[in-house]
Amino acid sequence: MQQAAIELVGVNKWFDSFHVLKDIDLTVAPGEKIVVCGPSGSGKSTMVRCINRLERHQSGTIRIDGIELEGEGRNVRTALAEIGMVFQQFNLFPHLSVLENLMLGPLKVRGKSRAEAEQIARRYLDRVHIPEQADKYPGQLSGGQQQRVAIARSLCMEPRIMLFDEPTSALDPEMISEVLDVMVELAAEGMTMIVVTHEMGFARKVADRMIFMDRGEIVESNPPGPFFSAPESERCRAFLDRILQH
Amino acid sequence: MKRFLVAAGLLLLLSGCSSSTAWGWYVIDPSTERGRINLQFLISGFGNTILLSVIAAVMSMFLGLIVALPGLSDQRGWRWANRVYVEFIRAIPLLPMLFWVFYGLPVVLKSMGIKVSIDPFWGAIITLALADSAFTAEIYRAGIQSIARGQREAAQTIGLNRAQTMRYVILPQAIRRILPPLANQFIYIVKMSAFASVIGMQELTRRANELVVTEYRPLEIYTFLILEYLVLVLVISQAVRWLENRMRVDER
């Protein structure tokens, strides 16, 4: 069997006494696209943040390309370097221009020359369709543009896995599609993706598998067809009814 | 408008003074020989006041950073050390601290086998820097902590380590929030430096005190002393305002 890109086995996490993740098992194949949905507070974000270690899980195992996230070893850092992340709040660096935002990783982490770093940055800025914004500062861009810059910034590190934590939730409605379009293109190129979102149109188009989480558990995990037409659990059905009614 | 009111008030005060028989401005009247000598004596205190304040402020900036860093640590022990330092130093009034550093510290050092005498100049600087460092440390800590957590996380996800995150992401943003209050803190140092007079440091306040003893015109001389500080502080606060405006322009 092919090596899994991401593997979670019996992962548990508590915030003090609050049990956020309960025995999470999840295997993601290379190139697979997973869309995660569920009510707020269900542990979606926390799960994604554990995968790239912004949060630490307290029991269970997380493996990236077979490397277990444990301790601070060099191999753990190599594994994490494969993962890009896009945040709900963009988190661009406001004191750096768009180009400098993109070049920072290649320059300081990958040790590229300025010329190489700039070339990489411009290539990915092209990919997200805003090459003309290179010299602006994040504060001068619209939300949709900022989020596309954030995607490009992650791509500059040439990750094999991309995590999206509600990438369109902070955007005005008219800007959502420009971001989703970029993500659809990325999916078509074979990127392994985990996307936390409530954009169900995007999910139907892109997802290989839908995951529904509630109260820290993965309640349902199915391909989009059966997931939308015949949800197995009552909780999932009720949730879908609520978000799809308009 | 405000500036006009202040100027008018000062003018009124001074003109009122000169015509009143209760005042004796002759002690610093620049049209007389004696007045000129006295004036020169008073004004020559500026040099040491400025030197004291600048050296103490620079030392306090470095000391404050060293104190602030453990306060930002994940480890409770380091944070605790930072709290103890800040609370302890902040609780000591300047004058007792000055006495302790000037009269006490040489004894402590001597008992440790280090033979140094502390002159008024360095005694005052060490005290001012020490006392101020608790405040600069808090300014640094607040400035760095005010940078949103998302910035740190974004830096982490593109692979920057802790030191790189600090250097390229956090500090460049924090410095814009740190510099104005730090410059403001400098005004406090200038005012606090007056305490150095009690250990014999020849700065503005000491000069005024000495002249009062020989001339016995405390009202005029101390009024002049206050004006000297006022001029100094106004110049600094103007510079701070200029700095703040520049920072705002840079903020995009």
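Reminder, nothing fancy here: chain letters follow the sequence lines and each chain counts from 1.
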Between the CZ atom in B:Arg152 and the CG atom in A:Leu54, the distance rounded to the nearest 0.5 Å is 12.5 Å
In terms of heavy-atom proximity below 4.5 Å to chain A, should B:Ala148 be classed as side chain, backbone, both, or neither?
neither
Considering all heavy atoms, the nearest B:Ala154-A:Asn91 contact:
CB-O, 3.5 Å
Scanning both residues in full, the closest heavy-atom pair of A:Met85 with B:Thr157 reads CB-CG2, 3.7 Å
Among A:Lys108, A:Gln89, A:Arg53, single out the residue with the greatest number of heavy-atom pairs under 4.5 Å to chain B.
A:Lys108
Side chain / backbone / both / neither for A:Phe93 at chain B, heavy atoms under 4.5 Å:
both
Please indicate whether A:Glu70 has more than 12 foreign heavy atoms, meaning atoms of other residues, nucleotides or ligands, lying under 6.0 Å from its CD.
no
CZ of B:Phe121: more than 12 outside heavy atoms within 6.0 angstrom?
yes
A:Phe15 atom CZ, neighbour heavy-atom count above 12 within 6.0 Å
yes
What one should report as the nearest heavy-atom pair of A:His95 and B:Val169 is CE1-O, 3.5 Å
For B:Arg162, does the CZ atom have more than 12 heavy-atom neighbours from other residues, nucleotides or ligands under 6.0 Å away?
no
Counting heavy-atom pairs under 4.5 Å to chain B, which of A:Arg49, A:Arg77, A:Arg110 comes out on top?
A:Arg49
Interatomic distance, CD@B:Gln156 vs CG@A:Asn52, rounded to 0.5 Å, equals 7.5 Å
More than 12 heavy atoms of other residues, nucleotides or ligands under 6.0 Å from CH2 of B:Trp80: yes or no?
no
How about CD on A:Gln119, more than 12 heavy atoms from neighbouring residues, nucleotides or ligands closer than 6.0 Å, or not?
no
Check whether A:Ile83 gets within reach of chain B through its side chain, its backbone, both or neither, counting any heavy atom under 4.5 Å.
backbone
Measure distances from B:Arg167 to the heavy atoms of chain A and classify the residue's part below 4.5 Å as side chain, backbone, both or neither.
neither
Closest heavy-atom pair and its distance - B:Ile158, A:Arg153
CG2-CG, 4.0 Å
Of all the heavy-atom pairs spanning B:Gln151 and A:Leu92, show the shortest one and how long it is.
NE2-O, 2.8 Å
